[in-house]
Novice: 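Below is a structure I'd like to ask you about.
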Number of protein chains: 2
Amino acid sequence: MAALEKPARKLEAQPLYARVKGALVERLISGQWKPGAMLPSEFAIAAELGVSQGTVRKSLDEMTAQGLLVRRQGKGTFVAEAADTEILFRFYRLTRDEDEGRTATRFPDSRYLAQFQNTANEEERRIFNLPHSAKVWRIDRTRHDGAQTLLWERITLPCTLFEGLSETTELPNNVYRFYAKNFGHIVSHVNEKLKAVALREDIAPHLGLEKGTPVLEVDRRAIALDGQTIEWRVSLCRSDVQHYRNVLR
Amino acid sequence: MAALEKPARKLEAQPLYARVKGALVERLISGQWKPGAMLPSEFAIAAELGVSQGTVRKSLDEMTAQGLLVRRQGKGTFVAEAADTEILFRFYRLTRDEDEGRTATRFPDSRYLAQFQNTANEEERRIFNLPHSAKVWRIDRTRHDGAQTLLWERITLPCTLFEGLSETTELPNNVYRFYAKNFGHIVSHVNEKLKAVALREDIAPHLGLEKGTPVLEVDRRAIALDGQTIEWRVSLCRSDVQHYRNVLR
DNA sequence: CAGTGGTCTAGACCACACA
DNA sequence: GTGTGGTCTAGACCACTGG
């Protein structure tokens, strides 16, 4: 890749470090730099793009703050793998009531109830911006801590974005890492919508609670680096033994 | 204030910009720089502390990212007032269902039900780390959008931290700004714990719902810059017309 | 040891606000 | 114009990693 092009007029240009960052994010989106890969050194990137090392550093620092990169002194800069405990729990906010205070230390395992392709309904088409008669995967599962069921959820994925998924592939614990590794979709952020709802009759047996019990409904959309919604998930969470924790800064 | 002291050994020292930041945060905590005040210029701070302007900039950038400061090109650097819409909504996560997508544009008004001093119970003493027989303020109120009640909440404040509050002072819409301006407590972050619960009988009339209806319970602790918990708030939120939104990055 | 990221400095120039 | 923050560069030195 050659040096960055100069913008026509200085006035309407983004700062140089922002354009450098854009060029680097492009390489993540395109898959040129895959999760876990080591980036060239700051000086190498600077020389390649024709800017100073300090400018490259500012771009890398921002990307690190966003969680796209991991920097290790003395070793290098790497594409984030979403592998560390911290990143694993980045999107997992439920905590057992008795674990209050510390970060969740247990990660529940999954039990699969159903996994099949369907024609997308209107809501799914709207969420994923799909044409008529497009197909989606629907995956129903429960999550447990030991013998206790903590939540039921349905994960919806557009088939076009997940070619090669089959009815027997089990999602691993860290699904977002799985999406990145196998399908090249890097999640940049997720939007969640929380409500308290009365437990539906068809879900009640799965959670071992009476129909009508208040449960926490979490409606989540995962957004990829390119802005596309790649996953829709609705979770119904027992609220008597766990809570959703959040820190606002 | 004189130049920063050199640490005994370089090895165990924090980076210079971190110590600069610490020194500046001290001035916020001590009230030397009050909300809304303009800070000296980068060069002035640098000269005073005996470091370079770039080092001061790095400290100021971090504090800006934390929301402690607001920087305006051409004007100066100011202590954040929690006055802008964005900051006003930083801690307000409830959105009317029909407003989905955009940031909340309406901020509900309040109706006060009760406001009185009490001896702290065991839970309150634990939360605020108070001695026996310490006193707390308890403020009960509802919040509305037009004729519709959206939530009931109880705010608990330790009397020692809020000297001068009376039974007739109404909290303004932006309470955290009020705390900063009148009592010098700058909120650095809040911890929230969410659950779905069945509506209690004594609260039901306030929300205009049946006893037992699922409502969203938000348990919030506000933490000041010095690490002290300064406010405990439990909100019971109608979940049929609004939701709690969250973005995880 | 060489190579990496982390910190710090000094100085230049630009864009914006306001008198 | 002057003073502010915003960007960019060049170069120095430190701390960490691994051969």
Side-chain angles (χ1 to χ4, degrees), chain A residues 3-24 33 36-81 84, chain B residues 3-24 33 36-81 84:
Chain A
L4 294 173
E5 290 174 25
K6 292 251 156 83
R9 293 180 51 211
K10 191 86 185 192
L11 280 174
E12 47 190 304
Q14 279 186 300
L16 189 51
Y17 71 84
R19 283 181 292 136
V20 168
K21 181 178 166 186
L24 301 182
W33 290 337
M38 180 176 158
L39 269 60
S41 77
E42 296 180 347
F43 279 102
I45 296 174
E48 187 194 356
L49 298 182
V51 302
S52 82
Q53 175 252 10
T55 301
V56 172
R57 172 177 290 278
K58 181 147 186 175
S59 309
L60 295 178
D61 282 348
E62 279 198 2
M63 293 170 73
T64 303
Q66 270 185 261
L68 297 177
L69 302 178
V70 176
R71 316 194 72 185
R72 284 193 274 269
Q73 185 171 103
K75 301 186 73 174
T77 303
F78 301 83
V79 183
E81 283 213 77
D84 314 325
Chain B
L4 294 174
E5 290 176 26
K6 289 250 156 84
R9 294 178 52 211
K10 190 86 186 193
L11 281 175
E12 49 189 304
Q14 279 185 299
L16 189 52
Y17 71 83
R19 282 181 292 136
V20 168
K21 181 178 167 185
L24 301 183
W33 290 338
M38 179 176 160
L39 270 60
S41 78
E42 297 180 349
F43 279 102
I45 296 174
E48 186 194 357
L49 299 182
V51 301
S52 81
Q53 175 251 10
T55 301
V56 172
R57 173 178 290 276
K58 180 149 188 174
S59 310
L60 296 178
D61 281 348
E62 279 199 2
M63 293 170 73
T64 303
Q66 271 185 261
L68 297 176
L69 303 177
V70 175
R71 316 193 72 185
R72 283 193 274 269
Q73 184 172 108
K75 302 186 72 173
T77 303
F78 302 83
V79 183
E81 284 212 77
D84 314 326

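Given the structure is predicted, the values throughout are model-derived calculations rather than measurements. We name chains A, B, ... by the order of the sequence lines, and we start the count at 1 in each one.
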Novice: From the set C/dC8, C/dC18, D/dT4, return the single nucleotide nearest to any side-chain atom of B/K75.
Specialist: C/dC18
Novice: Would you classify A/F43 as touching base, sugar-phosphate or nothing, given that sugar-phosphate means primed atoms plus P, OP1 and OP2, and contacts are heavy atoms under 4.0 Å?
Specialist: nothing
Novice: Please state whether the base of C/dG6 and the side chain of A/R57 form at least one donor-acceptor pair under 3.5 Å?
Specialist: yes
Novice: Between the side chains of A/K21 and A/Q14, does any donor sit under 3.5 Å from an acceptor?
Specialist: no
Novice: Is B/Y17 near enough to C/dT7 that one of its side-chain N or O atoms lies under 4.0 angstrom from OP1 or OP2?
Specialist: yes
Novice: Measure from NZ on A/K58 to C1' on C/dT7 and round the result to the nearest Å.
Specialist: 16 Å
Novice: Given D/dT9, C/dT7, C/dG5, identify the nucleotide with an atom nearest to the side chain of A/R71.
Specialist: C/dG5
Novice: Calculate the interatomic distance between B/E62 atom CD and C/dG6 atom P; express it in whole Å.
Specialist: 13 Å
Novice: Nearest whole Å is fine: how far is D/dT4 P from B/M38 CE?
Specialist: 6 Å
Novice: Do A/T77 and A/V70 have side-chain heavy atoms sitting under 4.5 Å apart?
Specialist: no
Novice: State which residues pass salt bridge (Lys or Arg N to Asp or Glu O under 4.0 Å) with B/K58; sequence neighbours excluded, sorted by chain then number.
Specialist: none
Novice: Can you tell which of C/dA10, D/dT4, D/dT7 lies closest to the side chain of B/S52?
Specialist: C/dA10
Novice: Do A/L39 and A/W33 touch side chain to side chain, with heavy atoms closer than 4.5 Å?
Specialist: yes
Novice: To the nearest angstrom, how far is A/L39 atom CG from C/dT4 atom C1'?
Specialist: 13 Å
Novice: Output the rounded distance in Å from CZ (A/F78) to P (D/dC16).
Specialist: 17 Å
Novice: How do A/Q53 and A/G76 order along DNA chain C: which one's closest nucleotide is nearer the 5' end?
Specialist: A/G76
Novice: Using five pairs at each end of the helix from C/dC1-D/dG18 to C/dC18-D/dG1 to define an axis, what is the angle between those two axes, to 10°?
Specialist: 10°
Novice: Specify the separation, in whole Å, of atom CZ of B/R19 and atom P of C/dT7.
Specialist: 12 Å
Novice: Provide, to the nearest angstrom, the distance between the CD atom belonging to A/E42 and the C1' atom belonging to D/dT9.
Specialist: 14 Å
Novice: Figure out the CG/P separation between B/L16 and D/dC13, and round it to whole Å.
Specialist: 17 Å
Novice: Does B/T77 put a side-chain nitrogen or oxygen below 4.0 Å from OP1 or OP2 of D/dG5?
Specialist: yes
Novice: With A/S52, which of A/L49, A/T55, A/V56 fulfils side-chain contact (heavy atoms from CB on, under 4.5 Å)?
Specialist: A/T55
Novice: For the residue pair B/L60 and B/V20, establish whether any side-chain heavy-atom pair is separated by less than 4.5 Å.
Specialist: no
Novice: Hey, which of these two, B/Q73 or B/A18, hits DNA chain C nearer its 5' end, going by closest nucleotide?
Specialist: B/A18
Novice: Look at the side-chain N and O atoms of A/T55 and state whether any lies under 4.0 Å from the OP1 or OP2 oxygen of D/dT7.
Specialist: no
Novice: With rounding to the nearest 0.5 Å, note down the distance linking OG in A/S59 to CD1 in A/I45.
Specialist: 9.0 Å
Novice: Using side-chain heavy atoms (C-beta onward) and a distance below 4.5 Å, is A/R71 in contact with A/R57?
Specialist: yes
Novice: From C/dC18, C/dT4, D/dC8, pick the nucleotide closest to the side chain of A/P15?
Specialist: D/dC8
